[in-house]
Amino acid sequence: MHDIKFIREQTDTIKAGIARKNDKSDIDAILAVDVARREVITEVEKLQGERNKVSAEIAKKKKSGESAEDAIVAMREVGERIAILEEKRRNLDEELHTKMSWIPNIPYHDAPDGGEEDMVEVRTWGEIRKKSYDIPPHWEIGERLNILDLPAATKISGSGFYLLRGLGARLQRALISYMLDTHSNDGFVEHYAPYIVNADAMFGTGQLPKMEDDMYKTEGDNMYLVPTAEVSLTNIYRKQILDYKQLPICMVGHSPCFRREAGAAGKDTRGMIRVHQFDKVEMVKIVHPETSYDEHESLVAQAEKILQGLQLPYRVCELATGDLSFAAARCYDIELWAPGLDRWLEISSVSNFESFQARRMGCKFRDEEGKIQFPHTLNGSGVALARLIPAILENYLNEDGSVDIPDVLHPYMGGVKKID
RNA sequence: GGAGAGGUGGCUGAGUGGUCGAAAGCGCUGGUCUCGAAAACCAGUGUACCUCCGGGUACCCAGGGUUCGAAUCCCUGCCUCUCCGCCA
């Protein structure tokens, strides 16, 4: 959410910003509602002021036994006018809020322009190991080892679900523990938070209203299954005024992520790459605005640390403005090389939302001078399991069909070093 | 799920129709005192919006309603607590 004053005073900046995101919201329509709203407010408040004054006089007269009938009759009329104007004001407030809630965040000034294909590779890490033998896609590897059973998941739930068995399930659990341990050792406080949240929380981080169709909603009580732990973790601080001394707040949590993938029918239908339920370890930071871009860099580095530990080659890319999510100002994706699929897999997305989410949430902080400001929020996957496991299967596949377990996971696997 | 009680400022807690945005205490900030600190004393201490920058308006869980006037009365929702039932 943007500050209406910002839209009013820096209209050109907003218009240019949303254009870079390929958003077609009508800013002039918002400004028109804003003008009408303020006119009504000024008028209604003038009348309320009058009513307050006269009501005090009525009280005084009644106390001294005088008749106040004239004033009461007059105020009855004023009250009716106030009621009409308040109704008008409510409607304008709602209209403004609805319109504003659809305006995306605007991109970081230096973010590359363009769409999905215009992302900029920032750096790469590790060598893509050339193998002398053919590497099949992860589902073939997993099913041959009996650690991945996609038909079973389909039978239970439908397409777009995966089922891990034996050491496959153990591997996922080991990865979760390894990641949580790594991040919490680096100062991120581990959290367990609800997986089902209300509409206010979904609005706060910016999933609502735009992503409504992409989320699972519970019948009867208007709750949503989280598409990422970002929602629960960030919203912990909704409707709160923090002290600057509390910043930065660094959190980490593991959760399942539920996504309907409504707009992705027919895309990545095989394997674990695009599924309706996957697990993810997510990091969230709430920081002082002055430090947010430094914090952004360190958050990417934190996610990279996981992949370096696992000895998996990756690249870091900065997304172009048209590919940024609704709430993001700047975003780095980390992609793993999957030799079986012969493509890069997006495994982590690390974003700076600046004050966009904080404003929607009503999360503020009192700065060094006692002034109220909005903090900046950031988050990053650290990392997504349903793509990490395929990458491990494909990168660690041996010629005999077995899969080595990355060294750092051995303690978490009860000493198991290989799946065969 | 059944029965009851209750939601007031950072906290405790008064206030049951009229100068109440809200007593008092605690906490916090600044000052006096002190070599310094504590104590004591003095002062300050919510948020948001509108503004012809003088001010004004709203907010006592949320949303409606009654009234000239609502923290106070009525309705709905949410949340918390106690007891019972159920349950990992």
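Below, read A as the first sequence line, B as the second, and so on, with proteins coming before strands; counting in each chain starts at 1. The analysis underlying the following values was restricted to heavy atoms, covering all of them including side chains, and did not include hydrogens, waters or symmetry mates. Treat the numbers as computed from the prediction; the structure is a model and nothing was measured.
Checking B:A48 for Watson-Crick or G-U wobble geometry (two distances, each under 3.5 Å) identifies B:U57 as its partner. Pair assignment for B:A5: B:U80, on the basis of Watson-Crick or G-U wobble contacts that are both within less than 3.5 Å. When Watson-Crick and G-U wobble pairs are counted only if both distances are under 3.5 Å, B:U29 pairs with B:A43. Under the Watson-Crick and G-U wobble criteria, each requiring two contacts below 3.5 Å, nucleotide B:A88 is left unpaired.
B:U51 atom C1' lies 14 Å from atom CD of A:Gln48, rounded to whole Å. Remark: C1' of B:C49 and CG of A:Leu96 are 12 Å apart, rounded to the nearest angstrom. Atom CZ in A:Arg238 sits roughly 12 Å away from atom C1' in B:A62 (whole-Å rounding).
An OP1 or OP2 oxygen of B:A58 is reached within less than 4.0 angstrom by a side-chain nitrogen or oxygen of A:Asn52. At the phosphate of B:G46, neither OP1 nor OP2 sits under 4.0 Å from any side-chain N or O atom of A:Arg366. For A:Arg8, a side-chain nitrogen or oxygen approaches OP1 or OP2 of B:C50 to under 4.0 Å. The shortest distance between the side-chain N/O atoms of A:Arg76 and the OP1/OP2 oxygens of B:U66 is not below 4.0 Å. A:Lys364 has a side-chain polar atom (N or O) that falls below the 4.0 Å cut-off from OP1 or OP2 of B:A48. Neither OP1 nor OP2 of B:C68 sits under 4.0 Å from any side-chain N or O of A:Arg51.
A gap of 26 Å separates the P atoms of B:G44 and B:G36, to the nearest Å. Using P as the reference atom, B:G25 and B:C79 are 37 Å apart when rounded to the nearest Å. Nucleotides B:G31 and B:G63 are separated by 41 Å at their P atoms, to the nearest Å. The separation of B:U47 from B:C84, taken at their C1' atoms, amounts to 42 Å, rounded to a whole angstrom. Spacing between B:C41 and B:U80 at atom C1', rounded to whole Å, works out to 41 Å.
Ring pair A:Phe374/A:Phe356: centre-to-centre distance not below 6.0 Å. The distance between the ring centers of A:Tyr192 and A:His254 does not fall below 6.0 angstrom.
For A:Thr42, counting side-chain heavy atoms from C-beta on, the closest listed nucleotide (B:U51, B:A58, B:G18) is B:U51. Of the listed nucleotides (B:U47, B:C68, B:C50), B:C50 has the atom at the smallest distance from the side chain of A:Arg37. Ranking B:A58, B:C68, B:C50 by closeness to the A:Lys62 side chain, first place goes to B:C68.
Ring-plane geometry between A:His276 and A:Tyr216 is classed as perpendicular, the angle between the planes exceeding 60 degrees on a 0 to 90 degree scale with a lower cut at 30.
A donor-acceptor contact closer than 3.5 angstrom links the side chains of A:Tyr314 and A:Gln308. A:Tyr224 and A:Asn198 share no side-chain donor-acceptor pair at under 3.5 Å.
With its glycosidic angle more than 90° from 0, B:G36 adopts the anti conformation.
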Evaluation steps, salt bridge (charged side-chain N to carboxylate O under 4.0 Å, His left out), between A:Lys46 and A:Glu43: CA-CA 5 Å; A:Lys46 203 183 280 176; A:Glu43 204 179 340; over 6 Å; no
